[in-house]
**Q** 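Below are the structure tokens for one structure; questions will follow.
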Amino acid sequence: MTRSTGRIKASNRQAGRKKGGTAVLIVFLSVTGLFMLMPIYLTIVMSVKPVEELFIFPPKLYTSNPTLDNFRDMFRVLKSSRIPFSRYLFNSVAVTVSVTVLQCGTSSMAAFVLAKCRFPGSRAINSIIVVSLLYQSNVIYIMQYMVMAQMRIIDNPLALILPSVASPMGLFLMRQSISQIPDSMIEAARVDGAGLFRICWQIVMPNQKPALMTMIIFAFQSAWNIQGESLVFHEQYKTLPTAVMQAASAGLSRAGVAMAAAVFMLVPPVIVFMLVQRQVIQTMAHSGIRE
Amino acid sequence: MADRKKAGDLWKSIKKNKACYAMIAPFMIFFVIFTVIPVVMSVPVGFTDFNMVQIPEFVGLSNYTTLFFSDRIFMKSVRITLIFAFFTGPLSYMLCFLLAWFIEVLPQKLKPVFTLIFYMPSMANVYTVWKLIFSGDMNGYLNSFLMNIGFINSPVQWLTDGRYVLGSAITVQLWISLGAGFLAMRAGFQNIDPVLYEAGAIEGIRNRWQELIYIVIPSMGPQLMFAAVMQIVNSFTAGTAAQNLVGFPSTDYNAHTIMTHAYDYGWVRYEMGYASAICMILFVVMFLCNKLISRLLKKYTDI
């Protein structure tokens, strides 16, 4: 009882001390945030501007008669393709979901082991993963292509999924975060007779919501944007970004449609981001002592 | 005899840890097939003359000697990459941290809103709008704004005038640079046990600076390291944004980074050997940079 009142007092003191400064911070963040949002705001405005308003002088920051013409144009171009729009959407959803699930599953398991277990080879694997992040070469894509050709998965939907399953970035993020968990917690679970697999999913992961959710955002975002037009040639395997890009590519004259495409592609990642952040906040609110 | 004993111990220890190997296996299989093998295969390409059609021909170090002694544009691209890396690396890193920290202080409800605002640029693919903002005629948003307030009299060619292309490209790169690092830092903040702040308050921590130095930074070492690596990678490999914005090649090669140079030789001229050598040099630079930073952050990352 006394302990809990003490804690409430302490957090009150903390909150009280911060009141004045918080207002200043909100103003500062809002102003910087406006600058960050400006291009996105303009994109959204331009996606609903009628064509004749796109290139008038002086350029306006708003539109008086918004229209959905650009979106309609985009869908019309998409529809004129032999393949129905729903097929592209299905492909994209299938690729995104499988990549996100596989990537997060494999990376979190591997990250836990690499962060918390010492075994022959663990050090080497840890450093290889960081090095692989630093090695960025456009020649890799050719070699990847050759590997996939050997596996005979070129022009197969698998070519869009398999290369993105192992993400050194996601693993590195999780590994860093898991390394903060006290060893004692894992030891305790081990003494209780839990196997590594159970420790990972029942004890470590529920404790790692922020990192896990961040990894989901990264995975979803990169998977949603997978194009792979050099890996699959059949129209029925192509994903939404490829199709939308084709509809929007005609230089500045089709600026409105390009904007509509950009807005259209941005919506799902933003929704996922919001859902995922809400998860984090909720767990934060409920979690008491986490050890 | 001793060797055999050692090998036996190793084998025992591998057997003892077989659960560990089983758990990293799914990741490692994909990682080896789609990352390690292609990387290992691409390294020797730098010592060859390879046009993707004929069989690579071994040329020794000649790609590297050409790069260092006769490719003047490469030398220029090194300089431009360093300028890029300075602005989008350390500067953006500190920005990431400051913004993540400021957001942490906000009321619970506002946190996700601001996180989304600052992260959104790295989700959006909006080069077209930047082209319109920086557009060289009076219709460009920036030109029209500056002319309205009387700062300039005639439109500035932001995207084609050699004096401005680098600045414009860096602006856009900076705008999208609050990406993985920023989000990881936010996660790091969210991971800090609130009990620590309370304990700090009881032990006499008075202001936010002390909180930052004694509580926040020490408990965020791993995330700081992750953000540093991501920032190194993104700032040194910057180039796509510039290419999309100021065109390829940019005026007088003034926004020509090492990655753009590699793109030029790889995908435009199909000289894969040369492109591979360029990327190798970039890798060495990033590797050294990473070593330096992990030394700087070592104090916080050894847990």
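Numbered from 1 within each chain, the chains take letters A, B, ... in sequence-line order.
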**Q** Heavy-atom distances under 4.5 Å only: say whether B:Phe31 touches chain A with side chain, backbone, both or neither.
**A** both
**Q** Look at B:Pro112, B:Cys20, B:Pro26 and state which one has the largest set of heavy-atom pairs under 4.5 Å with chain A.
**A**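 Going by pairs under 4.5 Å, I would pick B:Cys20.
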**Q** With respect to chain B, which residue among A:Asp183, A:Val147, A:Ile26, A:Leu162 yields the maximal number of heavy-atom pairs within a distance under 4.5 Å?
**A**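 Going by pairs under 4.5 Å, I would pick A:Leu162.
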**Q** Using a 4.5 angstrom heavy-atom cutoff, name the option from A:Thr106, A:Ile40, A:Thr43, A:Leu29 with the most pairs to chain B.
**A**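 Result: the option with the highest number of such pairs is A:Leu29.
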**Q** Ignoring hydrogens, what is the shortest heavy-atom contact between A:Ala211 and B:Ala187? Give both atom names and the distance.
**A** N-CB, 4.2 Å
**Q** If you round to the nearest 0.5 Å, how far is OG of B:Ser42 from OH of A:Tyr141?
**A** 11.0 Å
**Q** Let's test your reading of the structure: which of B:Ile29, B:Val129, B:Thr115, B:Leu106 forms the most heavy-atom pairs below 4.5 Å with chain A?
**A** B:Val129
**Q** Which atoms of B:Thr237 are under 4.5 Å from chain A, going by heavy atoms: the side chain, the backbone, both sets, or neither?
**A** side chain
**Q** Can you tell me which of A:Ile128, A:Leu42, A:Leu212 forms the most heavy-atom pairs within a distance under 4.5 Å of chain B?
**A** A:Leu42
**Q** Could you look at A:Met146 and say if it's the side chain, the backbone, both or neither that has a heavy atom under 4.5 Å from chain B?
**A**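 Looking at A:Met146, just its side chain touches chain B.
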**Q** Going through the distances and angles, do B:Leu116 and A:Met274 end up as a side-chain contact (heavy atoms from CB on, under 4.5 Å)?
**A** CA-CA 8 Å; B:Leu116 176 63; A:Met274 292 197 289; 4.0 Å; yes
**Q** Relative to chain B, which segment of A:Ser132 carries a heavy atom at a distance below 4.5 Å: side chain, backbone, both, or neither?
**A** side chain
**Q** Side chains of A:Gln136 and B:Leu282: does their closest heavy-atom pair fall under 4.5 Å?
**A**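 Not touching, per the 4.5 Å side-chain cut-off.
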**Q** Please find the pair of heavy atoms, one from B:Met220 and one from A:Gln180, that lie closest to each other, and give the distance.
**A** CA-NE2, 4.0 Å
**Q** Got a second to check how far B:Phe27's CZ is from A:Gln103's CD, nearest 0.5 Å?
**A** 8.5 Å
**Q** What heavy-atom pair brings B:Met23 and A:Cys200 nearest, and what distance separates the two atoms?
**A** CE-CB, 3.7 Å
**Q** Check each atom of B:Met28 against the heavy atoms of chain A and say whether the ones under 4.5 Å are side chain, backbone, both or neither.
**A**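 Looking at B:Met28, just its side chain touches chain A.
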**Q** Does B:Trp11, at its CH2 atom, have more than 12 non-hydrogen atoms belonging to other residues, nucleotides or ligands within less than 6.0 Å?
**A** no
**Q** Between B:Leu183 and chain A, with a heavy-atom cut-off of 4.5 Å, which part of the residue counts as in contact: side chain, backbone, both or neither?
**A**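 For B:Leu183, backbone and side chain are both near chain A.
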**Q** What's the separation between atom CD1 in A:Ile129 and atom OG1 in B:Thr35, rounded to the nearest 0.5 Å?
**A** 9.5 Å
**Q** For B:Ile103, is it the side chain, the backbone, both, or neither that has a heavy atom closer than 4.5 Å to a heavy atom of chain A?
**A** both
**Q** Please determine, by modelled atom types, if B:Tyr119 and A:Gln221 share a side-chain donor-acceptor pair under 3.5 angstrom.
**A**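 B:Tyr119 vs A:Gln221: donor-acceptor pair found between side chains.
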**Q** Counting only non-hydrogen atoms closer than 4.5 Å, does B:Ile133 touch chain A with its backbone (N, CA, C, O), its side chain (CB onward), both, or neither?
**A**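 For B:Ile133, the side chain is the part near chain A, not the backbone.
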**Q** Given heavy-atom pairs under 4.5 angstrom as the criterion, report whether the side chain, backbone, both or neither of A:Ser222 touches chain B.
**A**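 Contact with chain B: none, neither part.
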**Q** Please identify, among B:Val36, B:Val113, B:Val233, the residue contributing the most non-hydrogen atom pairs under 4.5 Å to chain A.
**A** B:Val233
**Q** The test is side-chain contact (heavy atoms from CB on, under 4.5 Å); show your working for B:Met123 and A:Val270 and say whether it passes.
**A** CA-CA 8 Å; B:Met123 289 197 276; A:Val270 169; 4.0 Å; yes
**Q** Below 4.5 Å from any heavy atom of chain B, which atoms of A:Phe273 appear? Answer side chain, backbone, both or neither.
**A**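 The side chain, not the backbone.
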**Q** With only heavy atoms counted, which part of A:Met148 is less than 4.5 Å from chain B, the side chain, the backbone, both or neither?
**A** side chain
**Q** Pick one of side chain, backbone, both or neither for A:Arg175, based on which atoms fall under 4.5 Å of a heavy atom in chain B.
**A**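 Contact with chain B involves no heavy atom of A:Arg175 at all.
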**Q** Could you tell me which portion of B:Leu110 (side chain, backbone, both or neither) has an atom closer than 4.5 angstrom to a non-hydrogen atom of chain A?
**A** side chain
**Q** Using a cut-off of under 4.5 Å on heavy-atom pairs, state which of B:Tyr263, B:Phe236, B:Trp175 scores highest against chain A.
**A**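 Top option by heavy-atom pairs under 4.5 Å: B:Trp175.
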**Q** Quick check for you: among A:Pro39, A:Ser177, A:Ala110, which has the greatest number of heavy-atom pairs under 4.5 Å with chain B?
**A**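 The option with the most such pairs is A:Pro39.
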**Q** At a heavy-atom separation under 4.5 Å, does A:Leu34 approach chain B through its side chain, its backbone, both, or neither?
**A**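 Nothing of A:Leu34, per the 4.5 Å heavy-atom cut-off to chain B.
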**Q** Would you compute the distance between atom CG of A:Leu266 and atom CE of B:Met120 and round it to the nearest 0.5 angstrom?
**A**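 Between A:Leu266 CG and B:Met120 CE, I get 6.0 Å after rounding to 0.5 Å.
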**Q** Please indicate whether B:Gln210 has more than 12 foreign heavy atoms, meaning atoms of other residues, nucleotides or ligands, lying under 6.0 Å from its CD.
**A**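 Buried by this count: over 12 neighbours within 6.0 Å.
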**Q** Grab the two heavy atoms, one from A:Arg118 and one from B:Asn17, that are nearest each other, plus how far apart they are.
**A**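 Minimum heavy-atom contact is O-ND2, 3.9 Å.
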**Q** When rounded to the nearest 0.5 angstrom, what is the spacing between CG in A:Leu173 and CE in B:Met225?
**A** 13.5 Å
**Q** Checking heavy atoms, do the side chain of A:Phe112, its backbone, both or neither come under 4.5 Å from chain B?
**A** side chain
**Q** Against chain A, label B:Val32 side chain, backbone, both or neither, depending on which of its atoms sit under 4.5 Å from a heavy atom there.
**A** neither
**Q** Quick one: what part of A:Leu171 sits under 4.5 Å from any heavy atom of chain B, side chain, backbone, both or neither?
**A**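 For A:Leu171, the side chain is the part near chain B, not the backbone.
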**Q** Are A:Ser164 and B:Phe30 close enough, and set up right, to give a side-chain contact (heavy atoms from CB on, under 4.5 Å), and what steps lead you there?
**A** CA-CA 8 Å; A:Ser164 307; B:Phe30 287 100; over 6 Å; no
**Q** So does B:Gln223 get a backbone contact from the side chain of A:Gln176, meaning a donor-acceptor N/O pair under 3.5 Å?
**A** no
**Q** Could you tell me whether the side chain of B:Ile24 reaches within less than 4.5 Å of the side chain of A:Phe119, counting heavy atoms only?
**A**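 SC-SC contact between A:Phe119 and B:Ile24 confirmed.
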**Q** Which one of A:Met151, A:Gln277, A:Met265, A:Gln144 has the most heavy-atom pairs closer than 4.5 Å to chain B?
**A** A:Gln144
**Q** Below 4.5 Å, heavy atoms only, C-beta onward: do B:Phe34 and A:Val165 meet side chain to side chain?
**A**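 They are not in side-chain contact.
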**Q** Using a 4.5 angstrom heavy-atom cutoff, name the option from A:Ser167, A:Gly121, A:Cys117 with the most pairs to chain B.
**A**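 Ranked by heavy-atom pairs under 4.5 Å with chain B, first place is A:Ser167.
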**Q** Is there side-chain contact between B:Gln190 and A:Thr214, with at least one heavy-atom pair below 4.5 Å?
**A** no
**Q** Taking atom CZ of B:Phe283 as the centre, report whether more than 12 heavy atoms of other residues, nucleotides or ligands fall under 6.0 Å from it.
**A** yes
**Q** Below 4.5 Å from any heavy atom of chain A, which atoms of B:Tyr21 appear? Answer side chain, backbone, both or neither.
**A** side chain
**Q** So what's closer than 4.5 Å to chain A heavy atoms on B:Trp130: side chain, backbone, both or neither?
**A**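 Side chain only.
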**Q** Counting only non-hydrogen atoms closer than 4.5 Å, does A:Val131 touch chain B with its backbone (N, CA, C, O), its side chain (CB onward), both, or neither?
**A** both
**Q** Counting only non-hydrogen atoms closer than 4.5 Å, does B:Ser219 touch chain A with its backbone (N, CA, C, O), its side chain (CB onward), both, or neither?
**A**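 For B:Ser219, backbone heavy atoms alone lie under 4.5 Å from chain A.
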**Q** Once rounded to the nearest 0.5 Å, what's the spacing between atom OG1 of A:Thr22 and atom CZ of B:Phe102?
**A**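 One gets 11.5 Å once the value is rounded to the nearest 0.5 Å.
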**Q** Yes or no on side-chain contact (heavy atoms from CB on, under 4.5 Å) for B:Val43 and A:Tyr135, after CA distance, side-chain angles and deciding distance?
**A** CA-CA 10 Å; B:Val43 171; A:Tyr135 188 83; 3.8 Å; yes
